[in-house]
Amino acid sequence: MIREEVAEILKTILGVEEIPFNVPPKREMGDFSSAICLSLAKEKRRPPLEFAKEVVETLKSTLLPYILEVTLSPPGYLNFKVNWPKLTEELIPEIFEKADHFGQPREIKNEKVFIEHTSVNPNKAMHIGHLRNSVLGDTVARIFKWLGYRTEVCNYIDDTGVQVVDVVTALLYLDPPFFREEDMDIQTIWEKVPADQPFDYFCWDLYARFQGEVEIDLSLREKREKVLHQIESGTHPVAFFAKELATRIVRSHLDTVAQLSIYYDLLNWESDIIHQGFWEATFDLLKARGGLRLEAGGPNQGCWVVPFGGIVETSEGVRSLDKILVRSNGSVTYTGKDIAYQLWKFGLLDKDFLYEKWGTQANGEDLWTTARDGQPGDHISKQFGKADWVINVIDVRQSYPQEVVRECLKQMGFKKEAERSIHLAYEVVNLSPQAARIVGAEEKEEKKAVAMSGRSGTGVKARDFIEIVKKKVVEKADHALEESVVSALACAAIRYYLLKFTLESQIVFDFDEALKTTGDTGVYLEYAHARACSILRKAEERGVIFGWKKTNLPSQLTETERDLVETLSRFGSVIAKTGKNLRISQLTEYAFDLATAFTNFYEHPDPGAELQTPFIHLQDERLRSFRLSLVKAFQIVMGNTLKLMGMATLERI
RNA sequence: GCGCCUGUAGCUCAGAUGGAUAGAGCUACGGACUUCUAAUCCGUGGGUCGGGGGUUCGAAUCCCUCCAGGCGCGCCA
């Protein structure tokens, strides 16, 4: 808030786009500083010190809000001293007044951001790697909503992919009674499913087992091939069976992520993309708008391709870099379908899904789903798709296919949409050797990290992890906790753990690391918030009334008061910045800074003094009132920060 | 072969657009609860920012090169 305003003034004085700020090595020098004159001096061919002197003179004649003094230190840094009491005088009432909306941009953006996340194959239980995706996507959605965008959160369900086919085949043909097409009621197959185990867990094992069996048993491969076609037909009983299976798994996925306060607006089913003829429309569009070519010869003879790099010769022979969208047998590739889907997201396709309500979620919001016999888009209260921005949350391994989709959009002439197609790429979650051992993965060679794999059944299942964290939370508490508090703390711990890494950092999942409840963790944040709530509650119980009064403001703030005020003032710009660069870990970093600033203020409101007096016991009524106001302000801003990260705002722990 | 990412304290990680003396948390050791919540706080210890070159007033950050690790590049999805 202060820096932005100073930046604006400097921009007009210096005529530059960006003003970088940093913190001086010593506080006495200033509260923040800028080296802008140093970098500009070179351009202007002037001695930096002399140039900076001029700038300081100009600044002195300008009215700077909240700035007490501008000084100069060699070789040309501008140092700014903030008038903290003046800033506090403006900031605290603003926080009180705006409360939940403090820091939010005033204007409502008339743009819609479409965020797709989770998108787990509906054939087995989720694992912790999937949770990283969901938590990131959910947090991004919360940030954009906060920033005033319309958002639509969508979970893509690939119900026709090979993964579902495998589990369906396994269920039909691995154990007796086997499926007999002619005379069998499909219900007998469902009766094979054990009742004493969650269905997604059952499928987790079944899928892994099938991978092993299909390697040896050739007849299983034929059966799988048959099942694939039956599912693709859309009308065969097996197709309905597959849809039912996927639906049951999706339900368990939704239940799982709901434990981390993750909800959606829409479920998009791959089968509906196919049935609604999205690809055919896209194919026509591609042909009409160019970029697509039918290969008459070469390695890709008979295929429709998007020219990407032509033919190259490598050590392994001749290869084509062009992207095949339609195979020589006429079938469409995954990328082709993905392009169609991306076009729909932007409303560029003359096709739409049919929709129906799926149900009401625990957050009170309706969840919709695409459906084969649903309502047309213009008959329902919601409008899906037609976004201005599309954010696909997918792990980094999909970077190339995502780049292809973007490139194809560009080649079709949808340049703006291509630019607004954002792939939020994050690194995968692997298991530490210790974690791998615990989940029973057999590794021949000793590796630093073990990849999770649905195929081999290696992974920490999401719900197992949540339960383990809950147990740990209960264990660590020195008093009995309510069930809702346990859940909220587990949610905060897990979300924080998955958010605090930078996107390009691989998480090597380790139980000891992930189960921490002290220090830089979600529990610490919740604790700080609850502590603030307790102070305010206790103050009220004791009849200590306080309110914001300008006259209560001390002429000078203590160090910890000042740090807290400074951190509070940064809130709005941190969120704006995070929305801009999508470096989500900046949000967790800020949350930790804020909680730490408060805790320091709480522990040492008078740094250096022999005795620290609890706020509510202060004799000086004005100081007491002022400090309690700071607690209140913290409680509001910390609450906002927690909500943005999808964490509860616990009032007591 | 081509491309992308990573390498920072014993461990796990922050350090966006180059800035002044590189920061947290965990671990270890030593302290602080009759108190507004000790899941906290204070102190001590801990670093050739993978190696080497370069760019410049200034490099963990930019360029080159080498080393180590991960990932991607299919008429798979």
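The shown structure was predicted, so the numbers you read here are calculated from the model rather than taken from an experiment. So that the names make sense, note that chain A is the first sequence line, chain B the second, and so on, each numbered from 1.
- Atom C1' of nucleotide B:C76 and atom CZ of A:R221 are separated by 15 Å, given to the nearest angstrom.
- Across the strands present, B:A20 finds no partner; the criterion is a Watson-Crick or G-U wobble pair with both atom distances under 3.5 angstrom.
- Of the charged side-chain nitrogens involved, none lies within less than 4.0 Å of a carboxylate oxygen, so that A:D620 and A:R624 do not count as a salt-bridged pair.
- Toward the 5′ end of RNA chain B lies the nearest nucleotide of A:L628, the other residue of the pair A:L628 and A:G161 mapping further downstream.
- The backbone N or O of A:F21 lies less than 3.5 Å from no partner atom in the side chain of A:R3, so there is not a single donor-acceptor pair.
- Listed for the A:Q612 side chain is a donor-acceptor partner under 3.5 Å among the backbone atoms of A:D606.
- Remark: B:A38 base-pairs with no nucleotide; criterion is Watson-Crick or G-U wobble with both hydrogen-bond distances under 3.5 Å.
- Here, B:G70 and B:G45 have their P atoms 37 Å apart, quoted to the whole Å.
- Nearest to the side chain of A:K538, among B:C36, B:A20, B:G72, sits B:C36.
- Ring stacking holds between A:Y77 and B:A20, with the centres under 5.5 Å apart and the planes within 30 degrees of each other.
- Looking at A:E4 and A:K577, no side-chain N of the basic residue comes within less than 4.0 Å of a carboxylate O on the acidic one, giving no salt bridge.
- The interatomic distance linking A:N430 (CG) with B:U12 (P) rounds to 14 Å, in whole Å.
- The nucleotide whose nearest atom lies closest to any side-chain atom of A:I535 is, among B:C36, B:U17, B:A14, B:C36.
- Spacing between B:U21 and B:G15 at atom C1', rounded to whole Å, works out to 16 Å.
- In this structure, CG in A:L525 is found 11.0 Å from CG in A:L650, a value given to the nearest 0.5 Å.
- Atom name P, nucleotides B:U65 and B:C4: the rounded distance is 12 Å, in whole Å.
- The side chain of A:K577 lies closest to B:A16 when the candidates are B:C36, B:C75, B:A16.
- With hydrogens and angles left out, the side chain of A:K26 and the base of B:U21 share a donor-acceptor pair within 3.5 Å.
- The environment of CZ in A:R221 is crowded: more than 12 heavy-atom neighbours from other residues, nucleotides or ligands sit within 6.0 Å.
- Toward the 5′ end of RNA chain B lies the nearest nucleotide of A:I36, the other residue of the pair A:D520 and A:I36 mapping further downstream.
- Scanning both residues, A:A576 and A:L147, for their nearest heavy atoms gives CA-CD2, 4.0 Å.
- Residue contacts for A:N121: at a heavy-atom cut-off of 4.0 Å it reaches no nucleic acid atom on any strand shown.
- Taking only side-chain atoms of A:N79, from C-beta outward, the nucleotide of B:A20, B:C75, B:A39 with the closest atom is B:A20.
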Audit row: A:Y524, A:F592, ring pair (Phe, Tyr, Trp, His ring centres under 6.0 Å) steps and yes/no: CA-CA 8 Å; A:Y524 179 87; A:F592 185 61; 5.3 Å; yes
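- For the atom pair CG (A:D166) and NZ (A:K124), the distance works out to 10.0 Å, reported to the nearest 0.5 Å.
- Across residues 497-507 of chain A, A:F501, A:T502, A:E504, A:S505, A:Q506 each have a non-hydrogen atom less than 4.0 Å from an atom of RNA chain B (numbered order).
- Of the listed nucleotides (B:G15, B:A77, B:A39), B:A77 has the atom at the smallest distance from the side chain of A:D158.
- Remark: B:C2 base-pairs with B:G72; criterion is Watson-Crick or G-U wobble with both hydrogen-bond distances under 3.5 Å.
- A:T139 contributes a side-chain N or O that, together with a main-chain N or O of A:V135, makes up a donor-acceptor pair within less than 3.5 Å.
- Both tests hold for A:R531 against A:Y602: distance to the six-membered ring centre under 6.0 Å, angle to the ring axis within 45°.
- When distances run from any side-chain atom of A:Y334 to the nucleotides B:G74, B:C36, B:A77, the shortest one goes to B:A77.
- Looking at the side chain of A:A477, the nearest of the listed nucleotides B:G19, B:C75, B:A39 is B:A39.
- What separates CZ of A:F511 from C1' of B:C11 is a distance of 18 Å, to the nearest Å.
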Sugar-phosphate or base contact per nucleotide [nucleotides 40-47 of chain B; S, B, -; heavy atom under 4.0 Å]: BSS-----
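- Taking the P atom of each, B:C33 and B:A22 are spaced 35 Å apart, rounded to whole Å.
- For B:A9, there is no paired base (Watson-Crick or G-U wobble, both distances below 3.5 Å).
- When the C1' atom is used for both B:C62 and B:U37, the distance is 48 Å, rounded to whole Å.
- Rounded to a whole angstrom, the distance from the P atom of B:U61 to that of B:A20 is 13 Å.
- Between the CZ atom of A:R570 and the P atom of B:A16 there is a distance of 13 Å, rounded to whole Å.
- Nucleotide B:U61: unpaired (no Watson-Crick or G-U wobble partner with both distances less than 3.5 Å).
- In a base pair of the Watson-Crick type (N1 to N3 plus N6-O4 or O6-N4) or a G-U wobble (N1-O2 and O6-N3), with each distance short of 3.5 Å, B:U55 is matched with no nucleotide.
- Remark: the A:D593 side chain and the B:A14 base include no donor-acceptor N/O pair separated by less than 3.5 Å.
- Between A:L38 atom CG and B:G19 atom P the separation is 12 Å, expressed in whole Å.
- Across every strand in view, B:C29 sits in a pair with B:G43 that passes the Watson-Crick or G-U test at under 3.5 angstrom.
- Spacing of P atoms, B:C11 relative to B:G50, comes out at 14 Å, to the nearest Å.
- Separating the P atom of B:C73 from that of B:C13 is a span of 25 Å, rounded to the nearest Å.
- Here B:G72 presents its P atom at 14 Å from CD1 of A:I394, a figure rounded to the nearest Å.
- A salt bridge links A:E8 and A:K11; the closest N-O separation between the charged side-chain nitrogens and carboxylate oxygens is under 4.0 Å.
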